Amino acid sequence: MAHRVSDQVYQRLTGESGYFDSRVVFIAESGPRDARRKQVAIMDQDGANVEYLTDGSALTFAPRFSPTGDRILFTSYETGVPRIYLMDVASRRRQIIGEQPGEMTFAPRFSPDGGTVVFSLERGGNTDIYSLALGSGALTQLTNSPSIETAPSFSPDGSQIVFESDRSGVQQIYVMPASGGEGTRISGGKGRYGTPVWSPRGDYIAFTKQNEGRFHIGVMRTDGTEERLLTASFLDEGPTWAPNGRVLMFTRETSGGGGQASLWSVDITGRNLKQIPTDGPASDPAWSPLLP
Amino acid sequence: MSLAAKSLLLIAVLGLAACNNPDRYGAGGAGGAGGAGGAGGIDTTGLGDPNNPTSIAYFNQTVGDRVLFAVDQSTLTPEGRGILTAQANWLNQNTGYAAIIEGHADEQGTREYNLALGARRAAAVQNFLISQGVAANRLRTISYGKERPLEVCSEEACYAKNRRAVTVLSAGVGA
């Protein structure tokens with residue numbers, strides 16, 4: 001209730017729709033750097049009401065919400081190899097999807113209609129992007145390249161997919177039709193570009209950029225123009241969009257043996273950088289849609 | 001290029017100074033032995049007597065169970081090829097073992113890319129061993145990306161050790 005009031009205040013003040021009535025799924029971390037324990041957790045976007053969805057006995061990472069917030073996808077080593085799990089948030093029931101014998105599957109995201117999962121599949125050392133129709137189980141290969149293709153993200157109208165590829169020799173960002181294809185490169189500056197995520201308003205793509213030993217969270221227009229870096233640190237990565245398409249949350253990790261990860265948010269203007277309070281170290285946030 | 005040379009020199013110096021610490025976290029991630037063995041010269045890990053040339057301990061410590069890679073690279077160095085040739089010879093002589101090749105990356109990259117890079121490194125090792133006559137059905141690969149560093153400092157000395165592919169032996173031909 002308080003969050004809905006906050007949304008209304010935010011809207012009056014900024015003219016933008018609020019995002020306070022939303023949740024974030026993330027990875028709660030503990031333990032030393034060389035033996036991190038990671039478990040999937042869910043909380044309100046301000047850090048309240050944390051619940052743990054896996055027990056940490058297997059390495060898990062990069063959980064993502066379905067478009068209606070009722071399911072999540074995440075990657076886990078529970079069977080010994082990275083596999084994608086689909087979990088119903090309410091019941092906590094989960095199943096492996098997209099499993100291919102002897103191959104790693106990871107980096108899953110839902111299509112905007114919730115019926116398709118796009119992900120990376122590694123075969124013989126090579127990683128390409130595939131899609132899985134959840135209803136029929138049909139698997140389609142979307143990229144076919146000896147380079148690494150990963151981190152796919154749908155446009156909000158479902159017609160395109162932005163992803164990263166190192167086919168040019170260095171990680172860059174590409175856009176292809178949702179049915180697959182070569183893709184058109186949109187990133188252009190110096191450095192490496194990865195983890196692209198399409199804004200829910202369709203107007204920006206957020207990304208992680210590495211340049212000269214620093215990591216940055218940035219945004220660019222969907223044609224690659226107007227690139228702006230919003231943060232800089234030893235290690236910032238993996239932005240996720242708030243439902244209003246105007247705020248990003250990401251992982252920031254500090255250096256050294258005692259280094260730890262935490263969650264931060266920043267406006268796309270680059271202002272209001274702040275840490276999201278979590279019980280302990282945390283990483284890989286993914287924002288839900290506004291709660292119905 | 002000179003940075004790579006400096007790194008190799010650093011690795012050599014550190015390699016002489018460092019104790020041999022087998023990384024044991026198993027295919028299931030956080031479960032199993034937390035890498036407690038290997039602290040001394042006595043075998044507490046079930047890897048056999050390091051003086052026995054047919055033991056896993058001998059493979060790890062004398063043949064060499066790992067190769068290192070340059071930043072963002074998965075191509076084998078000449079030194080790496082030398083170690084892997086020795087691994088292949090050992091595997092061809094000791095046919096009762098299977099291996100999982102673990103690929104890893106340092107923390108200078110994003111999570112998913114590093115997972116894919118680790119897989120490339122493991123595949124490069126696997127392909128080389130197969131080219132040296134090791135039966136493909138004895139070998140499997142897995143990547144841990146940047147999730148399981150060996151060394152935790154945020155400097156090239158540690159990064160270089162983390163950019164590795166480790167050949168982990170198990171008794172019995174792989175499933």
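This structure is a prediction, so every number in the text was calculated from the model and none was measured. Numbered from 1 within each chain, the chains take letters A, B, ... in sequence-line order. Just the heavy atoms: all of them, side chains too, but no hydrogens, waters or symmetry mates, feed the values below.
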Trainee: What is the minimum heavy-atom distance between B:Tyr144 and A:Tyr77, and which atoms define it?
Mentor: CA-OH, 3.4 Å
Trainee: Would you compute the distance between atom OH of B:Tyr113 and atom OG1 of A:Thr195 and round it to the nearest 0.5 angstrom?
Mentor: 13.5 Å
Trainee: Below 4.0 angstrom, N of the basic side chain to O of the carboxylate: do B:Lys146 and A:Glu237 qualify?
Mentor: yes
Trainee: Contact part of A:Leu235 toward chain B, heavy-atom cut-off under 4.5 Å: side chain, backbone, both or neither?
Mentor: side chain
Trainee: State whether B:Glu107 and A:Arg33 are salt-bridged, where the test is any N-O pair (Lys NZ or Arg NE/NH1/NH2 against Asp/Glu carboxylate O) under 4.0 Å.
Mentor: yes
Trainee: Do B:Thr110 and A:Arg192 touch side chain to side chain, with heavy atoms closer than 4.5 Å?
Mentor: no
Trainee: For the CD1 atom of A:Ile148 and the OG atom of B:Ser74, what is their distance to the nearest 0.5 Å?
Mentor: 7.5 Å
Trainee: Name the option with the most non-hydrogen atom pairs under 4.5 Å to chain B; the candidates are A:Glu122, A:Met104, A:Gln171.
Mentor: A:Gln171
Trainee: What is the minimum heavy-atom distance between A:Pro82 and B:Ser143, and which atoms define it?
Mentor: CG-O, 4.2 Å
Trainee: Check each atom of A:Thr75 against the heavy atoms of chain B and say whether the ones under 4.5 Å are side chain, backbone, both or neither.
Mentor: neither
Trainee: Please round to the nearest 0.5 Å and tell me the distance separating atom CG of B:Leu117 and atom CG of A:Asp166.
Mentor: 8.5 Å
Trainee: Please flag which part of A:Thr150 lies under 4.5 Å from any non-hydrogen atom of chain B: side chain, backbone, both or neither.
Mentor: side chain
Trainee: Under 4.0 Å between a side-chain nitrogen and a carboxylate oxygen: does that hold for A:Asp284 and B:Arg111?
Mentor: yes
Trainee: If you look at every heavy atom in B:Ile142 and A:Val81, which pair is closest and at what distance?
Mentor: CD1-CA, 4.2 Å
Trainee: Got more than 12 heavy atoms from elsewhere within 6.0 Å of CD, A:Gln141?
Mentor: yes
Trainee: Minimum heavy-atom separation for B:Ala123 and A:Gly125, please, with both atom names.
Mentor: CB-CA, 3.4 Å
Trainee: Answer with side chain, backbone, both or neither: which region of B:Ala122 has an atom nearer than 4.5 Å to a non-hydrogen atom of chain A?
Mentor: neither
Trainee: Side chains of B:Leu115 and A:Phe61, heavy atoms from C-beta outward: is any pair under 4.5 Å?
Mentor: yes
Trainee: What are the two closest heavy atoms between A:Gly256 and B:Ser154, and how far apart are they?
Mentor: N-OG, 2.6 Å
Trainee: Are the charged groups of A:Arg37 and B:Glu147 less than 4.0 angstrom apart, N to O?
Mentor: no
Trainee: Do you know the tightest heavy-atom contact between B:Glu112 and A:Ala151?
Mentor: OE1-CB, 3.4 Å
Trainee: For B:Asn162, is it the side chain, the backbone, both, or neither that has a heavy atom closer than 4.5 Å to a heavy atom of chain A?
Mentor: neither
